[in-house]
Undergrad: 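Quick one: this structure, given as structure tokens, is what I'll be asking you about.
If you're wondering where the values come from, they're calculated on a predicted model, not measured in any experiment.
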Amino acid sequence: MTQSFTQNLQHIIFSTKSRDNLVNASWEKDLYSYIGGILKRIDCKLLTAGGIPDHIHLLTSINKNLTIPEVVRKIKSSSTNWVKKSIRNKGSFAWQNGYAAFSVSNSKVDQVQSYIKKQPYHHKKINFEEELKLFLNNYKIPYDKRYLKG
């Protein structure tokens, strides 16, 4: 084969520092748009974004030459700078250090996009920590409960 073919779809989730309610509905769409631009500049693609004030979900297609940690680091650092410069009274804005990333089959893209778009609805029933535990358990990823706290 003379060319490499890949598909790396990732459902990425991360929260605000201390899980504070820092993402405001009045500018969250601008944040997602900015994140889409970050991804485009590194030859990745944002398929869907959504969240609530204390965390966000991103469905992304990641370039075959980049690692997930590289992509998440770029998203977090660039979006933090954008928030601090563009949003009034957000000088203390920060993302939490960790993140979760789950591979997504092409056959599940519509389902994941729907889930991400309905974040406010889901979180009327469960909080972020409970949601994260469900994902970790579904993907059979071992975790230490101490590190799930904000």
Undergrad: Is it the case that the side chains of Q111 and S114 hold a donor-acceptor pair, with the cut-off being a distance below 3.5 Å and no angle test?
TA: no
Undergrad: Under 4.5 Å between any side-chain heavy atoms of N127 and E130, yes or no?
TA: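 In short, these two side chains touch, coming nearer than 4.5 Å.
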Undergrad: Within the side chain of S105, is there an N or O that forms a donor-acceptor pair under 3.5 Å with the backbone of S107?
TA: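 Yes, the answer is positive, given that a donor and an acceptor are paired below the 3.5 Å cut-off.
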Undergrad: With no hydrogens and no angle check, just 3.5 Å: does a side-chain donor-acceptor pair link S15 and Q96?
TA: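 Note: S15 and Q96 side chains meet the donor-acceptor criterion.
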Undergrad: Would you say that I75 contacts L58 through its side chain, given a criterion of any heavy-atom pair below 4.5 Å between the two side chains?
TA: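 I75 vs L58: side chains touch.
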Undergrad: Could you give the distance from NE2 (H11) to CD (Q113), rounded to the nearest 0.5 Å?
TA: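 Output value for this atom pair is 11.0 Å.
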Undergrad: Return the CD1 to CG distance between I116 and L59, rounded to the nearest 0.5 Å.
TA: 5.0 Å
Undergrad: Charged N to carboxylate O under 4.0 angstrom, E129 versus K133?
TA: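 The answer is yes: the pair qualifies as a salt bridge.
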Undergrad: More than 12 foreign heavy atoms under 6.0 Å from NZ of K84: is that the case here?
TA: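 Yes, NZ of K84 has more than 12 neighbouring heavy atoms, counting only those of other groups under 6.0 Å.
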Undergrad: Between L31 and V23, is the side-chain contact (heavy atoms from CB on, under 4.5 Å) condition met? List the steps.
TA: CA-CA 9 Å; L31 171 65; V23 179; 4.2 Å; yes
Undergrad: Output all residues satisfying salt bridge (Lys or Arg N to Asp or Glu O under 4.0 Å) with K118, sequence neighbours left out; order by chain, then residue number.
TA: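 Scan of K118 (salt bridge (Lys or Arg N to Asp or Glu O under 4.0 Å), adjacent residues dropped) gives none.
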Undergrad: Out of curiosity, I38 CD1 to I35 CD1, how far, rounded to the nearest 0.5 Å?
TA: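 Output value for this atom pair is 6.0 Å.
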Undergrad: Can you confirm whether N65 is buried at CG, in the sense that more than 12 heavy atoms of other residues, nucleotides or ligands lie under 6.0 Å from that atom?
TA: yes
Undergrad: Sequence neighbours left out, what passes side-chain contact (heavy atoms from CB on, under 4.5 Å) with K76? Give chain and number order.
TA: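 F14, V72, W95, Y99.
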Undergrad: Hydrophobic side-chain clustering at under 4.5 Å (ILVMFWY, transitive links): who's grouped with Y147? Put none if nobody.
TA: none
Undergrad: Would you say the rings of H123 and F128 are close, in the sense that their centroids are separated by under 6.0 Å?
TA: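 No - the distance between ring centres of F128 and H123 does not fall below the 6.0 Å cut-off.
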Undergrad: Has the side chain of Y139 got a donor or acceptor atom that lies under 3.5 Å from a matching backbone atom of S103?
TA: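 Yes, the answer is positive, given that a donor and an acceptor are paired below the 3.5 Å cut-off.
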Undergrad: Salt bridge (Lys or Arg N to Asp or Glu O under 4.0 Å) with R41: which residues, sequence neighbours excluded?
TA: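 Residues passing salt bridge (Lys or Arg N to Asp or Glu O under 4.0 Å) with R41: none at all.
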Undergrad: May I ask you to check whether T6 and N8 show a side-chain donor-acceptor distance below 3.5 Å?
TA: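 Distance-only check fails for T6 and N8.
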Undergrad: If you compare all heavy atoms of I68 against all heavy atoms of A101, which two are closest, and at what distance to 0.1 Å?
TA: CG2-CB, 3.8 Å
Undergrad: Hey, do the aromatic rings of F135 and Y143 have their centres closer than 6.0 Å?
TA: no
Undergrad: Provide the closest heavy-atom pair for S61 versus L9 in the form atom of the first, atom of the second, distance.
TA: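 That closest heavy-atom pairing would be CB-CD2, 3.8 Å.
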Undergrad: Taking atom types as modelled, is there a side-chain donor on H57 or Q119 under 3.5 Å from an acceptor on the other?
TA: yes
Undergrad: Residues in salt bridge (Lys or Arg N to Asp or Glu O under 4.0 Å) with D110, at least two apart?
TA: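 Once residues adjacent in sequence are excluded, D110 has no partner under the salt bridge (Lys or Arg N to Asp or Glu O under 4.0 Å) criterion.
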Undergrad: Could you grab the distance from atom OG1 of T80 to atom NZ of K85, nearest 0.5 Å is fine?
TA: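 Nearest 0.5 Å value for the OG1-NZ distance: 11.5 Å.
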Undergrad: Give the cluster check for I13 versus I56: same hydrophobic cluster or not, with ILVMFWY residues linked at side-chain heavy-atom distances below 4.5 Å.
TA: no
Undergrad: Does the side chain of D54 come within less than 4.5 Å of L22's, by heavy atoms?
TA: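 Of all side-chain heavy-atom pairs linking D54 with L22, none is under 4.5 Å.
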Undergrad: For a side-chain contact (heavy atoms from CB on, under 4.5 Å) check, start with the C-alpha distance between H55 and T16, then their side-chain angles and the critical distance, and finish with the verdict.
TA: CA-CA 6 Å; H55 74 280; T16 57; over 6 Å; no
Undergrad: If you round to the nearest 0.5 Å, how far is OG of S33 from CD of E28?
TA: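 Here the rounded value is 12.5 Å.
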Undergrad: From I42 CD1 over to I62 CD1, what is the distance, rounded to the nearest 0.5 angstrom?
TA: 8.0 Å
Undergrad: Which residues pass the side chain to side chain donor-acceptor pair (under 3.5 Å) test with S78, sequence neighbours left out?
TA: none
Undergrad: For side-chain contact (heavy atoms from CB on, under 4.5 Å), just list the numbers for I87 and W82, CA-CA rounded to whole Å, side-chain angles, deciding distance to a tenth of an Å, and then say yes or no.
TA: CA-CA 8 Å; I87 307 301; W82 176 83; 4.0 Å; yes
Undergrad: If hydrophobic clusters are built by linking Ile, Leu, Val, Met, Phe, Trp and Tyr wherever their side-chain heavy atoms come under 4.5 Å apart, do V112 and Y32 end up in the same one?
TA: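 They do not share one cluster, since no chain of ILVMFWY contacts under 4.5 Å joins V112 to Y32.
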Undergrad: Within a strict 4.5 Å, meaning less than it, do heavy atoms of the C44 and N63 side chains meet?
TA: yes
Undergrad: Quick one, Q10 with V104, criterion side-chain contact (heavy atoms from CB on, under 4.5 Å). Give me CA distance, side-chain angles, the key distance, then yes/no.
TA: CA-CA 6 Å; Q10 296 290 320; V104 176; over 6 Å; no
Undergrad: Answer yes if Y121 and I52 sit in the same cluster of Ile, Leu, Val, Met, Phe, Trp and Tyr residues linked by side chain heavy atoms under 4.5 Å apart, and no otherwise.
TA: no
Undergrad: Same cluster for Y34 and W27 if Ile/Leu/Val/Met/Phe/Trp/Tyr side chains link at under 4.5 Å?
TA: yes
